[in-house]
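Comments concern the structure below.
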2 protein chains.
Amino acid sequence: MIETSDLPHPAREDLVLTQVLFALSDPARLEIVRQLDAGPLEMAQCCLQDPTMPKSTKSHLMKVLREAGVIRNEVKGRGRLLSLRREDVESRFPGLLESILKAPVGR
Amino acid sequence: MIETSDLPHPAREDLVLTQVLFALSDPARLEIVRQLDAGPLEMAQCCLQDPTMPKSTKSHLMKVLREAGVIRNEVKGRGRLLSLRREDVESRFPGLLESILKAPVGR
DNA sequence: ATCATGGTTCGAATATAGTTGAACCTTCCC
DNA sequence: GGGAAGGTTCAACTATATTCGAACCATGAT
């Protein structure tokens, strides 16, 4: 068997700007994206700033990012591997992700 | 008298990325920004696609954009002159506005 | 097979955002 | 001054998003 229990990901050409902007407009989600900027990360290793965050909440954050097409969420062993869909976002919205990742982090 | 009844605008250095992204994550607000990309516009001439929109709704859309620091809203005669705070946004988040304005408009 | 680990999904509660009419404020014009 | 035009603010309502426990599902290890 090749296919695993994968979650749906929008195709590159179906990404919607307002959905991407919305996904990134939440500080917690933006922080996740910043972490993924350094490379793929296992979900269990993600969001370690707030270890009290319930896993359902964490899962929901990932869902919003995934459904907007910003991140990929693949099965890896017992867990999940998260990664930025950098090329896809760049292809559809050139320069967007770069400008956001380069922006000052604080407020 | 020099000062008029002006609305508060955040200073350039106080713009918050997530607030800007949020303001632009709504299709109606994004459309307004696209219109202002062509140059300043009197509020009465804005949002003419939907002439049925109540003025309170329109005013609220502008408020979100203004408080995020994306647009300027100045008194002009009996009405208001809206303009894009292009340089301010560019100064704080280089490349962001350009990439958004260049992005495909539809979904 | 069974169990533990790591995530997703569901549902209900809460919080935040959008919508709108009504009241009010300014400015221009007479 | 008085009226009309153009906007803002307020308050109440509706709609959408977030939060999180509980139940469930898949995988790897024993």
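Scope of the values below: all heavy atoms of this structure, side chains included, with no hydrogens, waters or symmetry mates. Throughout, protein chains are lettered first and strands after them, A, B, ... in sequence-line order, and every chain is numbered starting at 1.
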Can you list, in residue-number order, the parts of residues 32-46 of chain B that come under 4.0 Å of DNA chain D, counting heavy atoms only? Met43(B), Ala44(B)
Out of curiosity, does Leu101(A) fall in the hydrophobic cluster containing Val20(A) (side-chain heavy atoms, cut-off under 4.5 Å, transitive links)? yes
Glu67(B) atom CD is separated from dT9(D) atom C1', nearest whole Å, by 12 Å
After noting the C-alpha distance and the side-chain angles of Glu42(B) and Lys76(B), does the key distance pass the salt bridge (Lys or Arg N to Asp or Glu O under 4.0 Å) rule? CA-CA 8 Å; Glu42(B) 290 176 35; Lys76(B) 183 193 178 191; 3.2 Å; yes
Donor-acceptor contact present, side-chain His9(B) to main-chain Gly69(B), <3.5 Å: no
Separation of Arg80(A) atom CZ from dT27(D) atom P, in whole Å? 9 Å
Test of understanding: clusters of I, L, V, M, F, W, Y form through side-chain heavy atoms closer than 4.5 Å, transitively. Do Ile32(A) and Met53(A) belong to the same one? yes
Which residues satisfy the side-chain contact (heavy atoms from CB on, under 4.5 Å) test with Ala28(A), sequence neighbours excluded? Asp26(A), Leu61(A)
Compare every heavy atom of Val70(A) with every heavy atom of Ala23(A), then report the nearest pair and how far apart it is. CB-CG2, 4.5 Å
Closest-nucleotide ordering on DNA chain D, the 5'-leading residue of Gly77(A) and Val64(A): Val64(A)
Please tell me if Arg78(B) has a side-chain N or O lying less than 4.0 Å from either OP1 or OP2 of dC29(C). no
Distance in angstrom units between Lys63(B) NZ and dA11(D) C1', rounded: 13 Å
Is there a path of hydrophobic side-chain contacts, each under 4.5 Å between heavy atoms of I/L/V/M/F/W/Y residues, joining Val64(B) to Leu21(B)? no
Integer-rounded Å distance: dT8(D) C1' and His9(B) NE2: 13 Å
Testing dT18(D), dT8(D), dT19(C) for proximity to the side chain of Ser59(B), the answer is dT8(D)
Between Glu74(A) (CD) and dT27(D) (C1'), how many Å, whole number? 16 Å
Verdict with supporting geometry, Arg86(A) and Asp37(A), salt bridge (Lys or Arg N to Asp or Glu O under 4.0 Å): CA-CA 9 Å; Arg86(A) 197 187 305 272; Asp37(A) 185 31; 2.8 Å; yes
Residue pair Leu82(B)/Asp26(A) against DNA chain D: nearer the 5' end by closest nucleotide is Leu82(B)
Using whole Å, report how far NE2 of His60(B) lies from C1' of dT16(C). 11 Å
Expressed in angstrom and rounded to an integer, what is the separation of Lys58(A) atom NZ from dG6(C) atom P? 10 Å
For Leu30(A) and Leu24(A) the tightest heavy-atom approach is CB-O, 3.8 Å
Sort me out a list of protein N/O and nucleotides 21-23 of chain D N/O pairs below 3.5 Å, or just none if empty.
unit_1  : atom_1 : unit_2   : atom_2 : d
dG21(D) : N7     : Ser56(A) : OG     : 3.1
dG21(D) : O6     : Ser56(A) : OG     : 3.3

Give the rounded distance in Å between these two atoms: CE of Met53(A) and C1' of dT18(D). 11 Å
From C-beta outward on Arg66(B), which listed nucleotide comes closest to its side chain: dT9(D), dG18(C), dT9(C)? dT9(D)
Going by side-chain contact (heavy atoms from CB on, under 4.5 Å), name the residues that satisfy it together with Ser91(B), two or more places apart in sequence or in a different chain. Arg12(B)
Can you tell me if NZ on Lys63(B) sees more than 12 non-hydrogen neighbours from other groups inside 6.0 Å? no
For the helix from dA1(C)-dT30(D) to dC30(C)-dG1(D), measure the angle between the helix axis at one end and the axis at the other, each built from five pairs, rounding to 10°. 20°
Residues forming a salt bridge (Lys or Arg N to Asp or Glu O under 4.0 Å) with Glu31(A), sequence neighbours excluded: none
